[in-house]
Structures are given as structure tokens and as C-alpha cells.
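We name chains A, B, ... by the order of the sequence lines, and we start the count at 1 in each one.
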2 protein chains.
Amino acid sequence: MDLSLQQLRGFVAVAEELHYGRAAERLNLTQPPLTRQIQGLERTLDVRLFDRTGRGVRLTAAGGVFLEHARRVLALLEVAPEATRRAADGTTGTLRLAFTAIGAYAVLADFLTMVGKRTPGVTAELTELVSPAQFEALANLEIDIGLVRPPIPEQFESMLVHSEDLVLAVPASHPLAEGDGPVALVDATDDYIGYSPEGSQYLHDICAAMIGMDRYAVSQLASQVPTMLALVRAGLGCALIPRSIMAMRVEGVRYRELDAADAHSVTLHACWSPDSPNPALQRLAESLRQDPHLGT
Amino acid sequence: MDLSLQQLRGFVAVAEELHYGRAAERLNLTQPPLTRQIQGLERTLDVRLFDRTGRGVRLTAAGGVFLEHARRVLALLEVAPEATRRAADGTTGTLRLAFTAIGAYAVLADFLTMVGKRTPGVTAELTELVSPAQFEALANLEIDIGLVRPPIPEQFESMLVHSEDLVLAVPASHPLAEGDGPVALVDATDDYIGYSPEGSQYLHDICAAMIGMDRYAVSQLASQVPTMLALVRAGLGCALIPRSIMAMRVEGVRYRELDAADAHSVTLHACWSPDSPNPALQRLAESLRQDPHLGT
DNA sequence: ACAGATCCATGCTCACACGGTATCGGTTCA
DNA sequence: TGAACCGATACCGTGTGAGCATGGATCTGT
């Protein structure tokens with residue numbers, strides 16, 4: 001035969017009471033079934049668990065060892081339902097979070113602390129993905145929430161997380177490298193490092209609109225900001241990058257603010273599927289809906 | 001209702017196959033009972049464990065958490081019988097070992113390494129007790145084996161572990177403190193530090209025989225050797241102590257060997273109850289009977 | 001020393017839980 | 001739209017396990 005939980009519970013009770021009668025009483029049982037439970041246990045294990053001393057019983061060494069195991073099994077079984085329920089209502093759980101390389105610099109840390117405030121007990125699992133890949137992963141339930149740039153497919157719910165304007169990154173050799181105040185876009189060269197329309201559609205479109213499609217027909221494309229800065233540094237042209245990237249100091253690259261007339265803000269949004277099965281996400285989404293500004 | 005192992009096994013199978021039919025096959029079961037097991041589980045936990053997607057099923061977050069718990073429970077249950085059997089045949093286990101303070105100096109370490117050689121996997125639990133207390137503890141099954149001095153009650157089995165002669169401990173101020181060769185007992189003073197007949201009956205009897213009852217009517221009694229050495233050091237008299245204690249160098253105390261005529265050996269025995277229920281002891285006892293000199 | 005009490009084991013009966021067969025209802029491809 | 005697939009449900013039969021009554025062994029008190 002096989003071990004059963006009833007046998008374990010019976011055994012633990014007898015081992016603690018060292019008396020079948022009292023153990024049976026504790027289990028709301030009569031004594032005979034208990035006797036048979038222990039007998040079955042001893043037959044299954046092929047081990048004597050108790051010494052019958054005529055007056056009560058005594059644990060054998062093997063019985064002591066088995067008691068440890070039985071207690072651990074029952075204890076584990078005791079906490080399992082509560083742990084499962086906590087996971088079900090999102091009190092605990094894992095949030096699979098994706099972010100764009102650009103987004104990471106500006107807001108990832110703040111976003112994580114905000115998540116931590118709203119849903120304590122939930123841990124985050126991080127992946128870096130470009131926005132289109134994030135939407136696909138969201139649809140496939142491979143991630144729970146993404147930090148993406150617009151446009152956001154309407155099937156998803158989203159929330160503005162961060163907004164910043166673009167600044168101009170120029171090579172040190174460029175005429176605009178010297179100086180301090182804002183500059184106009186028209187003063188920049190005709191050479192721009194462009195964003196890849198596949199990897200960074202949003203920034204590509206905005207930049208195209210800012211500069212004009214005609215001048216934006218660039219020779220170099222990139223979707224990763226570090227790559228763009230490397231190209232700028234090599235003197236291949238200027239680039240429009242989010243202000244937060246200015247924190248990234250690169251030898252041979254200067255940043256210039258743009259005239260108010262030319263300034264254009266880019267936004268980053270948290271984005272999730274409203275019918276995700278992850279309760280941790282549900283809880284976070286609920287919190288975001290009710291109190292959008294907490295911890296920002 | 002309550003959790004059952006069948007439910008856990010069923011749940012794990014379904015969670016791994018993500019398909020009731022295949023899971024049922026793996027469990028040598030048909031599909032309907034499996035459905036009911038999972039339903040019962042979900043009702044008990046008040047949690048949905050699977051998302052029914054029409055085409056197969058998918059674990060919920062809560063289901064994933066519960067799966068962890070279920071696996072741990074089943075794994076624990078898997079190893080329990082084997083661990084219990086090992087404890088039953090003495091392959092693993094605990095040996096509760098008692099020793100006299102005197103015995104500890106001479107043989108405890110060697111005895112433990114010998115036990116380790118004979119019964120690997122068995123751990124020792126140490127207690128210090130005087131011989132009479134050890135016999136009582138052995139009878140009450142509070143310890144498994146003792147290192148005692150004779151006489152050994154005949155209900156116990158025993159084995160000679162160590163034999164040594166007695167030497168004379170004298171205060172530095174004593175006439176015998178200077179010199180090197182063996183001395184005769186008659187040269188010592190009439191003042192002796194005696195062993196307590198309760199705590200150290202054996203040494204008390206031997207010393208009484210060596211010195212003669214008349215001269216052994218001493219004013220100071222002790223059962224612990226360190227105490228005796230302290231009394232010797234204070235100049236209250238001489239003492240007969242086991243040779244191994246000479247390793248204990250005490251300021252103000254000198255040791256002298258005794259004439260061959262006066263020398264008297266004292267023995268230390270391992271002692272255990274032949275019908276002890278501890279399989280680890282049984283295994284050690286069997287080993288001692290078959291091969292008494294291994295590792296000595 | 002003997003009678004009674006205590007405690008675990010066993011025989012018997014019965015009910016309920018659990019598994020199997022048959023079938024339903026909903027979803028998904030071709 | 002029909003066929004195939006998959007999980008849920010209805011119904012029935014069987015075996016496990018609980019209770020009651022009692023046996024057998026050991027300990028206790030007078």
C-alpha cells in the first residue's frame with residue numbers, strides 16, 4: 001500500500017500522546033481505526049514505529065525519524081492553502097516586467113519602487129525588449145507589464161509614466177559643440193543619426209516630424225541609444241535623444257538643448273493587458289486606476 | 001473538505017501535462033476522477049488553479065505556487081520511508097553517550113573515533129554523568145551507552161575500553177614532591193583526599209583497599225578529579241588518581257608513580273543495555289561482539 | 001495473590017468516497 | 001459547417017475505512 005495523510009496524522013497524534021485512546025480522541029476518532037492506521041503504516045514502511053509496552057507505547061528510533069518527516073509534510077500542507085490564496089489575490093507573486101533600453105535609464109528604478117509601494121510582496125522579473133516585442137510578449141502572456149513608447153495598441157491598458165523632451169547630441173568636432181544656450185534645429189547639420197522605424201517607431205516618427213522627412217533620410221539607423229551615441233561620437237552626425245540620456249556622459253559627445261519652438265516631448269508608458277491572468281498584475285492595475293499618482 | 005495526497009498527485013500530473021487525458025493516463029486513471037480531484041482541490045482552496053482554455057489548460061499564478069508546495073510535499077513523502085528504514089536498521093541514527101569526567105580525559109576522543117569507524121552515519125550525543133547515574137540512565141533508556149567504572153550490574157553488556165594504573169598526586173609542599181622514581185604508599189602522609197563512595201564507588205573501594213580502610217578515613221571527599229587536584233594543591237593531602245590525568249598539569253601539584261607492589265590498575269568500560277531499542281546501538285553492539293579490537 | 005482497571009488488537013458490519021462507463025457541452029480546426 | 005478534441009457531468013458499483021463489541025495482555029491496588 002501507500003502512505004496516506006490520515007496515517008500521518010494518526011501517527012503524529014499517537015507519537016505525541018503516546019496513547020492510542022487520547023490520540024483517537026484528539027482526532028475525533030475511536031481507537032480501533034487508529035490502531036489499524038499505525039499497523040498499515042508499519043506494514044508499508046516495514047518498520048516498527050512504536051514499542052508496545054503494555055502501558056502505553058514508546059517511539060522507536062525509526063519512529064522518531066518518521067515523526068520528523070510526518071511533521072514536516074503536515075506543516076507544509078498546512079501553509080500551502082494560505083500561500084496559494086495569497087498568490088491568487090496578488091498579495092504575493094511575480095510581475096514579469098519588460099522595458100526598453102532607453103526607458104531603463106530614466107524611469108526603471110523609480111517605476112520599480114512605485115510598484116514596490118503599491119504591491120508589497122510582489123517581486124519583479126526584468127527583461128529588456130523593444131516596444132514592438134513587448135506588445136507581442138504582452139499578448140502571448142510572456143510578460144505582465146511593459147514600459148513602452150506610443151503608439152499603444154488599443155487592446156492594452158496603459159498609463160503615462162514619464163515625459164521628457166528631446167535634446168541634441170552633437171560630436172565634439174561639430175560647430176554646435178561649443179556654446180551653452182538653446183539651439184535651433186535649423187542650425188544643426190543635415191546629417192542625423194536616425195532611429196530605426198522597426199525597433200523605435202515612435203522616436204523615428206517624432207524625429208521625422210521634427211526635422212522634416214526630407215532631411216531625415218539619413219544614412220545611419222540605430223534603435224539603441226548607446227549605439228547612437230557611438231555614431232555621434234564618431235562624427236557621423238547629430239542625434240535627437242531623450243533628455244534623461246544626458247546623464248550618460250560620453251567622451252566626444254556634447255548635448256545641446258533645443259529652442260522652445262523646436263522642443264518636442266516624448267513619453268513612456270506602462271502598458272499591460274487588462275485581462276491578464278496574473279493576480280499580482282491585477283492588483284497593481286487596480287491600484288493604478290484608483291490612485292494614479294501614488295509614489296510618482 | 002481537506003487536502004488529500006491523491007489530489008496533490010493528480011494536480012501535479014495535470015500541471016505537468018497541461019492535459020487531463022494524458023495526466024490521467026500517467027496516473028493509471030480515467031479522466032473524470034481527475035477532473036473531480038482538481039475541482040475538489042479548487043473548492044477546498046477557494047482558488048482557481050487552472051485556466052480552462054478549451055484546448056487544454058493553463059496554470060494560474062496561484063496554481064504555480066501550489067505546484068511548488070505539492071511537489072515538495074510529495075518529494076518529502078517519497079524519501080520518508082527510506083530515511084525511516086535507515087534509522088530502523090541503525091544505518092543512521094543517534095547514540096546518546098554518557099561518560100564520567102575522569103573517563104573523558106583518557107578515552108572519550110578515541111572511543112568516539114572508534115564508534116565513527118564502526119557505525120558511520122551515526123551521530124553521538126554527549127552527556128557527563130557519574131557511573132551510578134549512568135546505570136540509572138541506561139535502565140531508563142535515557143542514554144544508549146555509557147563509559148563507566150566497575151562494578152557493572154549484570155543486566156548490562158560491557159566491554160573493556162581502557163585500563164591504567166593509579167599514581168600519587170602530592171602537594172608541592174609535601175616531602176614526596178621532590179624526586180623522580182617510584183614511591184611506596186607507606187611513605188605518603190596519612191592525609192588522603194578520598195573518593196566519594198556514592199559518586200565514585202569504584203575508585204573509592206580500590207583506594208580503600210590500597211591504603212587500608214583505617215588510613216582511608218579521610219576528612220575530604222570528592223568525586224570529580226579537578227576538585228581533588230584543587231584540594232591536593234591546597235595542601236590538604238595526597239590523592240590517588242588515574243595516570244591519564246597526569247596530562248592535566250596543575251600548578252602546585254606533583255605526580256609520583258607508585259612502586260610495582262602498590263600499583264593498582266583501574267578500568268573503564270563501555271556499557272550498554274543488550275535490549276536497548278536503539279538500532280544504532282544494536283549495530284554498534286553487534287560490531288563490538290564480532291570484532292572487539294577494531295579501531296582500538 | 002487475585003480482582004479490577006487499563007490499554008492495544010481483532011472481528012464484524014455498514015456507509016460513503018472514489019473510480020469506471022457513458023454522455024454532454026463547448027471550442028477549434030479543416 | 002461538421003468532425004475531432006477536451007473537460008464536465010450523471011449514474012452506478014466496489015472497496016476502503018469508521019464504529020461497535022470484544023479479546024488478550026499487563027499493570028495496580030487491596
Spacing between A:Ile38 atom CD1 and C:dC7 atom P, to the nearest angstrom | 17 Å
Quick one: which of D:dG17, C:dA9, D:dA8 gets closest to the side chain of B:Tyr20?
-> D:dA8
No-hydrogen, no-angle side-chain donor-acceptor test under 3.5 Å, A:Arg86 and A:Thr91 | no
B:Asp51 CG to C:dG26 P, in whole Å, measures 19 Å
Does OP1 or OP2 of D:dA18 have a side-chain N or O of A:Gln37 closer than 4.0 Å?
-> yes
Provide, to the nearest angstrom, the distance between the CG atom belonging to B:Leu34 and the P atom belonging to D:dG7.
-> 9 Å
What integer distance in Å separates A:Leu5:CG from C:dC18:P?
-> 12 Å
Please find out if less than 6.0 Å separates the ring center of B:Phe66 from that of B:Phe50.
-> no
With the criterion being N/O to N/O and under 3.5 Å, what pairs connect the protein with nucleotides 19-22 of chain D, and how long is each?
unit_1, atom_1, unit_2, atom_2, d
D:dG19, OP2, A:Thr30, N, 2.9
D:dG19, OP2, A:Thr30, OG1, 2.7
D:dG19, O6, A:Arg36, NH2, 2.8

Below 6.0 angstrom between ring centroids: does that apply to B:Tyr195 and B:Tyr202?
-> no
For D:dA8, take OP1 and OP2 only and decide whether either is under 4.0 Å from a side-chain N or O of B:Thr35.
-> yes
Any luck finding a side-chain donor-acceptor pair between B:Gln290 and B:Glu286 under 3.5 Å?
-> yes
If only side-chain N and O atoms of A:Gln6 are considered, is one of them under 4.0 Å from the OP1 or OP2 phosphate oxygen of D:dT16?
-> no
Starting from P on C:dC18, measure out to CG on B:Leu3 and report it in whole angstrom.
-> 13 Å
Any residue meeting ring pair (Phe, Tyr, Trp, His ring centres under 6.0 Å) with B:Phe135, in chain and number order, not counting sequence neighbours | B:Phe156
Rounding to a whole Å, what distance do you find between A:Gln7:CD and D:dT16:C1'?
-> 12 Å
Is the closest side-chain donor-acceptor distance between B:Thr35 and B:Gln31 under 3.5 Å?
-> yes
Before accepting this row, confirm whether a basic side-chain N of the pair A:Glu16/A:Arg71 lies closer than 4.0 Å to the acidic partner's carboxylate O.
-> yes
With no hydrogens and no angle check, is any side-chain donor or acceptor of A:Glu17 less than 3.5 Å from a backbone partner on A:Arg22?
-> no
Atom pair distance, as rounded to whole Å: CG in B:Leu41 and C1' in C:dA17 = 16 Å
For the pair made of CD in B:Gln39 and P in D:dA10, what is the distance, rounded to whole Å?
-> 10 Å
Should B:Asp2 and A:Arg9 count as an ion pair when the cut-off is N to O under 4.0 Å?
-> yes
Which residues in residues 8-19 of chain A have at least one heavy atom lying under 4.0 Å from any atom of DNA chain C?
-> A:His19
